[in-house]
Amino acid sequence: VIANSLVDMLAKCGMLSEAREVVKGLPVQDVVSWNSLIAGYIKHELFDEALRCFEQMPVIGLTPDVFTFASIIKACGSLGASCKGQEIHADIARNGPLETDMVLGTSLIGMYATFGMLKEAQEVFDELPGWDMATLNALLAGYSQSGKDELVVNTFVKLIDENYKPDLLTFKILLDACIHMGLLDEGQRYFETMNTTIATNFTVEHYTCLIDLFGRAGHLHRAVLLIMEMPFHAN
RNA sequence: CUGUGGUGAAG
């Protein structure tokens, strides 16, 4: 247990060969040691190394668990490995109970979103027993990435109705969609509504996001106006 | 309450 914490720490710091050595030297390697290692590889974007570990697990008699799958599905997404990802998803589906895990579900949604496979993403979403903001953001990001800007906005409205509390990423996706559609006014209106109605404490980050989008969309004037309006020091 | 997992693109 203590050794696993060490592995995790080393892996998080990017000392991956050291982490691997520690795992190798363990008298009993369990699934947690390997999960930590895999998560480390992914954190440092060594996705194929993560996949290699994943394939190695059964060989040494370890059964991947829900943690392993959540990580490895993310790796498949980052690698653009859609076949591998779907293959692993099929294994997960065969495993019944895993399918209802929200974190794993979110990871799957994110993966399908990056592949532009909205139908699959939606299916995973619909099967889940519950959703949190990460799940919803993954789905919204998928819509956005596939150019379904109206769907982003509609879903956002629905989500507000259902009392979800959007976070910074939600705003980025929403505002991005608005501006993509050329709906600058709507975007800013949502922004202002959110700023006042919804009990969200807007930070300088939120403003930065909208300002950035205005600037990028070629509306420097509006960006400057916003900077002057915001209740912070410009930084 | 022994340790490990999830949320887009751009910059």
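Below, chains carry the letters A, B, ... as their sequence lines are ordered, and counting in each starts from 1.
- Residue A/D101 contributes atom CG, which lies 8 Å from atom C1' of B/G5 at whole-angstrom precision.
- Of the candidate nucleotides B/G6, B/G8, B/U4, B/G6 has the atom nearest to the side chain of A/D132.
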Practice problem: Please step through salt bridge (charged side-chain N to carboxylate O under 4.0 Å, His left out) for the pair A/K158 and A/D161, ending with a clear verdict. | Solution: CA-CA 5 Å; A/K158 224 181 284 173; A/D161 283 345; over 6 Å; no
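- At a threshold of 4.0 angstrom between heavy atoms, the contacts of A/T135 include nucleobase atoms, whether or not backbone atoms are also involved.
- Side-chain proximity of A/V32 to B/G8, B/U7, B/U4: nearest is B/U4.
- Between A/W34 and A/F54, every side-chain heavy-atom pair lies at or beyond the 4.5 Å cut-off.
- Here B/U2 is the nucleotide among B/G5, B/U2, B/G6 with the atom lying nearest to any side-chain atom of A/V1.
- For A/H180 and B/A9, the NE2 to P distance is 14 Å, given to the nearest whole Å.
- Nucleotide B/U2 holds its P atom 20 Å from the CG atom of A/L26, rounded to whole Å.
- Taking atom CD1 of residue A/I2 and atom P of nucleotide B/U4, one finds them 14 Å apart after rounding to whole Å.
- Within residues 88-100 of chain A, no residue has any heavy atom closer than 4.0 Å to RNA chain B.
- Of the candidate nucleotides B/G8, B/U4, B/G6, B/U4 has the atom nearest to the side chain of A/N35.
- One can place CD1 of A/I38 at 12 Å from P of B/G5, the figure rounded to the nearest angstrom.
- Nearest to the side-chain atoms of A/D167 among the listed nucleotides B/G8, B/U7, B/G6 stands B/U7.
- Among the heavy atoms of the strands lying under 4.0 Å from A/A138 are primed sugar atoms or P, OP1, OP2 only; no base atom is included.
- More than 12 heavy atoms of other residues, nucleotides or ligands lie within 6.0 Å of CE in A/M133, so this atom counts as buried by the packing criterion.
- Within the 4.5 Å cutoff, the side chain of A/V31 has heavy atoms near those of the A/T68 side chain.
- Between the CG atom of A/L168 and the C1' atom of B/G8 there is a distance of 13 Å, rounded to whole Å.
- Picking from B/G8, B/U4, B/G5 the nucleotide with the shortest atom distance to the side chain of A/A70 gives B/G5.
- With 3.5 Å as the limit, one finds no donor-acceptor pair spanning the side chains of A/D8 and A/S5.
- For the C1' atom pair drawn from B/G6 and B/A10, the interatomic distance equals 22 Å after rounding to whole Å.
- Within a 6.0 Å radius of NE2 in A/H44, other residues, nucleotides and ligands contribute more than 12 heavy atoms.
- For the C1' atom pair drawn from B/A9 and B/G5, the interatomic distance equals 24 Å after rounding to whole Å.
- The residue A/S71 sits close only to the backbone: its heavy atoms come under 4.0 Å of sugar-phosphate atoms, none of a base.
- Judged by distance alone with a 3.5 Å cut-off, no donor-acceptor contact links the side chain of A/D65 to the base of B/G5.
- Residues A/Q122 and A/Y112 fail the side-chain proximity criterion, which asks for heavy atoms closer than 4.5 Å.
- Side-chain proximity of A/M102 to B/G6, B/U4, B/G8: nearest is B/G6.
- If you take CG of A/L151 and P of B/G8, they are 18 Å apart, rounded to a whole angstrom.
- As judged by a 4.0 angstrom heavy-atom cut-off over every strand, A/K12 is placed among residues touching the sugar-phosphate backbone only.
- Scanning residues 104-117 of chain A for heavy-atom distances under 4.0 Å to RNA chain B yields A/L104, A/T106, A/S107.
- When the options A/V153, A/L140, A/L168 are evaluated for a side chain to side chain contact (heavy atoms under 4.5 Å, CB included) with A/I173, the one that passes is A/L140.
- Using a 4.5 Å cut-off between side-chain heavy atoms of Ile, Leu, Val, Met, Phe, Trp and Tyr, with links allowed through other members, A/Y41 and A/I60 fall into the same hydrophobic cluster.
- Of the listed residues (A/E229, A/M230, A/R222), just one forms a side chain to side chain contact (heavy atoms under 4.5 Å, CB included) with A/L226, and that residue is A/E229.
- Nucleic acid contact class of A/V66 (heavy atoms, under 4.0 Å, all strands): base.
- Here the closest non-hydrogen pair linking A/F47 and A/A75 is CD2-CA, 4.0 Å.
- Checking B/A9, B/U7, B/U4 against every side-chain atom of A/Q145, the shortest atom distance belongs to B/A9.
- Taking atom CD1 of A/I72 as the reference point, atom P of B/G5 lies 14 Å away to the nearest angstrom.
- Distances from the side chain of A/K74 to the nucleotides B/U4, B/A9, B/G6 place B/G6 closest.
- Note on A/K172: every side-chain N or O is 4.0 Å or more away from OP1 and OP2 of B/G11.
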